[in-house]
Amino acid sequence: MGTADRLAKWTERWTEGNTKWHIRDVNYSLVHHGALLLPSGPRRVLVPLCGKTVDLRWFYDEGHTVVGIEAVEKGVLEFFSEQHLDYTTENLGWAKHFKTKDNRLHMYCCDVMKVDVTHLGKFDAVWDRGSLVALYEEDRKSYAQIIKSLLAPDFRYLLNVTQYTPNERFSGPPGNVPTELVEQLYGDTCKLELLETVNWPSDDDRICKWGLTYMVEVVLLLTPKS
């Protein structure tokens, strides 16, 4: 499936309101482990494939500068509307750039695989809750290379992935991302630390619908490799 087809698929889901992956509260991983991601002072935070997550507002209210990347403009517009934030826009060619007037919250509407890494600069922290698991398998390596190119020397990278045994009825999204795969993608520059494993309830309607025997969410902290 080509890039245009993939983006069209996600745009269709937004248009139909099929965005059940969004939750109304700040993600539990940030509540439990935010201090490890943001150990000191104001940080510059990247949230790839952010949609309209309220996590963006959480970082912003905590005093950090936050940058989201989202391919579907409807999600960006809904975020600013729901959060009652004023913004300005600028067309950059490779992206449409939205930002608050205080210059502390930015959203780039574009394909994450085609970002201008020089323009984006370096980030002290990355929060990846739904990005890596949403990508097609063939895009994961390129995505990891892009993210690694954006990391500041003392970065912290909080990564939440799903793990299960795929079957003919379900292979994602969210995709199955084993910890061993994360090591392959990031192990050349990052040290991995397992922070938490959360089991989905076995009677969850989605597990039954997808024909899965289990699903877990694994929270990993990636830090510079010494």
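Note that this is a predicted model, so its numbers are computed, not measured. Scope of the values below: all heavy atoms of this structure, side chains included, with no hydrogens, waters or symmetry mates.
In this structure, Met107 is a member of the same hydrophobic cluster as Val26, with clusters built from ILVMFWY side-chain heavy atoms closer than 4.5 Å. The hydrophobic cluster containing Ile69 does not contain Leu37, counting ILVMFWY residues as joined when their side-chain heavy atoms lie under 4.5 angstrom apart, directly or transitively. Residues Trp127 and Tyr143 are members of separate hydrophobic clusters, defined by side-chain heavy-atom contacts under 4.5 angstrom among Ile, Leu, Val, Met, Phe, Trp and Tyr. One hydrophobic cluster, built from ILVMFWY side chains closer than 4.5 Å, holds both Met113 and Leu46. Grouping the Ile, Leu, Val, Met, Phe, Trp and Tyr side chains by contacts below 4.5 angstrom, directly or via other members, places Leu36 apart from Leu194.
Residue Tyr60 forms a side-chain contact (heavy atoms from CB on, under 4.5 Å) with just one option from Leu85, Val45, Thr65, and that option is Leu85.
Taking the centre of each ring, Tyr186 and Tyr157 come in below the 6.0 Å mark.
Note that NZ of Lys52 is 11.0 Å distant from CD of Glu70, once rounded to the nearest 0.5 Å. In this structure, CG on Asn27 lies 9.5 Å from NE2 on His32, to the nearest 0.5 angstrom. To the nearest 0.5 Å, atoms NE2 (His64) and CG (Leu105) are separated by 12.5 Å. Here Lys114 contributes atom NZ and Ser142 contributes atom OG; the two are 12.0 Å apart, rounded to the nearest 0.5 Å. Separation of atoms CG (Leu120) and SG (Cys110) is listed at 7.5 Å; rounding is to 0.5 Å. Considering CZ of Phe80 and OG1 of Thr100, their distance stands at 6.5 Å, rounded to 0.5 Å.
Heavy-atom neighbours of Asp102 CG from other residues, nucleotides or ligands within 6.0 Å: above the threshold of 12. Within a 6.0 Å radius of CD in Gln145, other residues, nucleotides and ligands contribute more than 12 heavy atoms.
Pro153 and Pro224 get closest at one heavy-atom pair: O-CG, 3.3 Å. Heavy-atom minimum distance, Thr165 versus Leu212: O-CD2, 3.6 Å. Shown here for Lys225 and Gly187, the closest heavy-atom pair between the two residues is NZ-O, 2.7 Å. The minimum heavy-atom distance linking Leu221 with Leu158 is given by the pair CD1-CD1, 4.4 Å. The nearest pair of heavy atoms linking Gly63 to Arg104 is C-NH1, 3.5 Å. Shortest non-hydrogen contact noted between Leu56 and Gly68 is CD2-CA, 4.2 Å.
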Stepwise side chain to side chain contact (heavy atoms under 4.5 Å, CB included) check, Trp58 with Val66: CA-CA 10 Å; Trp58 183 83; Val66 57; over 6 Å; no

Determine, stepwise, if the pair Leu185 / Arg140 fulfils side chain to side chain contact (heavy atoms under 4.5 Å, CB included). CA-CA 8 Å; Leu185 294 174; Arg140 290 171 177 172; 4.2 Å; yes

Where do Val112 and Ile146 land on the side chain to side chain contact (heavy atoms under 4.5 Å, CB included) test, with the steps shown first? CA-CA 9 Å; Val112 70; Ile146 291 170; 5.6 Å; no

Test side chain to side chain contact (heavy atoms under 4.5 Å, CB included) applied to Glu90 and Thr88, step by step: CA-CA 7 Å; Glu90 177 185 11; Thr88 60; over 6 Å; no

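For Arg44 (side chain) and Lys122 (main-chain N/O), a donor-acceptor pair under 3.5 Å exists by modelled atom type. With hydrogens and angles disregarded, no donor-acceptor distance shorter than 3.5 Å links the side chain of Arg156 to the backbone of Thr223. Listed for the Ser171 side chain is no donor-acceptor partner under 3.5 Å among the backbone atoms of Pro166. Side chain of Asn167 to main chain of Trp210: a donor-acceptor pair is present (N/O by atom type, distance under 3.5 Å, no hydrogens or angles). In this structure a side-chain-to-backbone donor-acceptor pair under 3.5 Å is present from Thr162 to Gly175. When atom types are taken as modelled, the side chain of Glu217 and the backbone of Val161 share no donor-acceptor pair closer than 3.5 angstrom.
No side-chain heavy atom of Phe155 sits under 4.5 Å from any side-chain heavy atom of Ile147. Residues Leu77 and Tyr87 form a side-chain contact, since some pair of their non-hydrogen atoms from C-beta on lies under 4.5 Å apart. Put simply, the side chain of Ser226 does not reach to within 4.5 Å of the side chain of Lys191, judged on heavy atoms. Annotation: side chain of Leu92 is not in contact with side chain of Asp116 (no heavy-atom distance under 4.5 Å).
Ring orientation note: the planes of His97 and Tyr108 are close to parallel, at an angle under 30° on the 30°/60° scale.
Ionic pairing of Arg43 and Glu62 is not present here: no N-O contact between side-chain nitrogen and carboxylate oxygen is shorter than 4.0 angstrom.
Side-chain atoms of Ser29 and Glu196 include no donor-acceptor pair closer than 3.5 Å. Side-chain polar atoms of Tyr214 and Asn199 form no donor-acceptor pair below 3.5 angstrom.
In this structure Pro42 satisfies the side chain to side chain contact (heavy atoms under 4.5 Å, CB included) test with no other residue, sequence neighbours excluded.
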